[in-house]
Amino acid sequence: MTLRAEPSADDIPERPRVLLVDDDEVNLLLTSVALQDQGFAVTEAASGEAAIRVLADWLPDIVVLDAVMPGLDGFETCRELRVLPGFESLPVLMLTGLDDDASITRAYEAGATDFFVKSTQWSLLAGRLRYLLRASRTRVELERSKSRLARAQDLARMGSFDWRRGQDGPVFSIEGLRVFGFGPGDQPAFRSLLRMVPEDERKAFLELTHSAMDRSTVLATDIHARLLDGRQRIVHIEAEPEFNEHGNLVGYTGIVQDVTDRRLAEDRIRHLANFDTLTGLPNRRQLIWRAERALDHGRRLGHEVALLLIDLDRFKIINDTLGHGAGDELLMEVSRRLRSCVRHSDQVLESSLESVGVRSHRTLEAVGRLGGDEFVALLPEVVDEADAERVATRILEQMRKPIMIGLQECFVTASVGIAIFPRDGATVADLMRNSDIAMYAVKSAGRNSSSLYRPNLAGKGREKLELESALHKAIERNELVLHYQPKIDVRGARMIGAEALMRWRRHGTLVAPGDFIPLAEETGLIIPLSEWAIREAARQARIWQDNFGFSDSIAVNLPSRLFERTDLVEYIHNAVTTYGVPHHAIELEITETGLMKDLQNVIPSLHRLNEIGVEISIDDFGTGYSSLAYLTTLPISELKIDRSFVRDLGMTPQSSAVVTAIIALARSLGLRVIAEGVENLRQMEVLHRLGCGIMQGFLFSKPQPPEDIERWLQQTVLPKKAPWIGQATAGDTPEPARALRGRESRAKPVGKLT
Amino acid sequence: MRCAVVAAGAVVPGNDARSSIRKTMSQLLCATLLDSDALDRLRELDPTGKTRLMERVLRAFHSSASRLAQQFRDARTSGDMDGIRHVVHTLKSSSASIGALALARLCAEIEGSIRAGAFAALPERLDAMDRELAAVLQAVTPMLSPVDTPT
């Protein structure tokens, strides 16, 4: 590019500046006059030397040179001005004689743009000058546009090439050469370019090229190229066929572009979409994709595929006690160990997956993370289930070694469930579910082991497992509710407390307690469930207190193992404090069997609870084998007569004998006694006659949501509308002494609460 | 066409002078020294005579040709072929410009002969050129002074 590119006008300048060089005065004068007449601004020079002097600080639009001059002749002058900066593409017209062919040749050699045979036809010269100026302008524009293109191509790491038929290989532009790491002067042979392509890709690329040429179609592909300096690049090639006027293919013209960066970005995006960011393992999506490919292969080649579901045991405890950072570290270490247990491939060779018979599906083998502490090992080909079990064993062994998190040594075990295609499922979803079932079977059987899926695990087992997994989430999903059954002082016809009974509202229906409480106890979920119940009962006590002055207790059933927890007292304290109700607002019920089983461990808790005013009631009393000796020393407040005795009251003499004995025992120990499962007036009358005035049962109210209890109080108890009201009050049986004592004991101050 | 005389007088302003020049020029032109077509083309460059182009051109020719005539004689005396060649080359185009076609043709022939190394007939041609040049100069001379100082 020269400075002459500066004028922005599209065409030549209005008065183009001409430097006219001629030693012949007459010609100089005439030509000058003629050109001025034609609209040129002419500067004259009588010799080559004079011309060079003028050009030292002035740039004309065009130079007209007489070829033959004494001293510096036209050719030399042209040569000299061409090397001046900015004069590289200045148009120079050489004036020659008509019969002087040699001069014409020499003129071009000297760098003249054109020649003109001297003539007295002045308009011809002017016309030629205008033509030269236009051509020069066009050329400048072209060069400018070429350089713009070159820059754009450079920025896009792109270059062009041409491939004529019969040529050994493509001819690249400078930018094209740069894409392959060559300099402007290099002329790499096609063979040496091909050698940059990895061997396994080379053949496919050549086939693609030949097939495009054979069919005269567009060629578009990406190739890997290892440049001579060792850099690995990905080059996009795109070429179109060119045809001659007969429609025959004469070659290809196209571009090459270094798309490495773009491809890397694409790879990164793909990686983010398919891999777990914490562990770098394939994520759920990628795993499912791989598993589907693996099943395709299994179907085609008739072999088995194994899916191992790996769930860490007690990971939540680590997360809760050491923090999420530690949990993450642990997951990363676990990931590393799991990877070592299989022939893990990060990348799947997609291209070769389709070819039948090739063992390429091996590259599908991987460990992936489904989320949380759940991992999957995909074994795309196993000989039999023992093969899969061996991997499971390896995994369990790998987990056994302690994991250092910071300075803390952690022990992690895992439960592994195995499902085999096609035996245990025809789809990825089936295999996932069944490996999950097998994994849960391991969990219930005590964890830290592996298990193959068996159909018998499903059915009832499966339901149970699904139930368990759902129950896990029941608390956070607010699916649990408490229903309340009033404890009735029959004589006073009033509610003196309530028992809280847990219900699970699942998919819009209530799950019976018998269907999930045993499961919750089995799995340990009973602990968080009970804790929740304590808080919920405290909350309800507060609502009732506000609504109708409720100041009695809500009884919560607790399993004995909860009493073993040293923080139970604190937990209850926090719960009642949160809602601003007294400690005695919560009463705890423990079954006689549960109490006796863990007596030694439970007693300290009972004492502390009693000290802060939380009363203890023995549930299902009469069914277990209570040690009477202990019973006298336990800090308990209430005995609940088991419903089985109540049910048989008035039907078998034994039942009334037992009930009588329990009431007598309670009296002698100074305990309150309450009968549960009272369903009819006859039972009520008998109990009342025997000396038990506090009852609970369907006769009064079934367990109901708290709002219904309020309504029941409003509409039934206060207006004394129920059939049971008046029956007992008519009698003259004295109220059991213990009941009074109980109420007094409750009136004790309970510290900072209330 | 060769005697298309009158037009040349158009460059001359004064009436008295015009008649005298017309006389001289008709002699010149009829001597077939200057080509009328060539002169027409010159005149086209200055149709109104405002820039007195004709006079400037003839003056330039006269001064350059006189100088070249001297160079030519010197070169002949010393046998300097390059000198001769330079003279005939320059004179070839400038004489053609003012319509001295015979002179231009002679110069071209001589230039061609020298380039071709055909020196046999050269002296005769050089003599002829010398004569023609002198004649043209002589013819041009009177066209300059009267115009230069019009009465």
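So you know, we letter chains A, B, ... as the sequences are listed, proteins then strands, and number each from 1.
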Crowding at OH, A:Y108 (>12 non-hydrogen neighbours, <6.0 Å): yes

Between CG on residue A:L95 and OG on residue B:S93, distance to nearest 0.5 Å: 9.5 Å

Heavy-atom neighbours of A:R164 CZ exceed 12 at 6.0 Å: yes

Greater than 12 external heavy atoms within 6.0 Å of A:R165's CZ: no

Residues in residues 23-41 of chain A near chain B [non-hydrogen atoms, under 4.5 Å]: A:D23, A:D24, A:E25, A:V26, A:N27, A:L29, A:L30, A:V33, A:A34, A:D37

Region of B:R85 that comes under 4.5 Å of a non-hydrogen atom in chain A: neither

B:L68, part contacting chain A, at a heavy-atom distance under 4.5 Å: neither

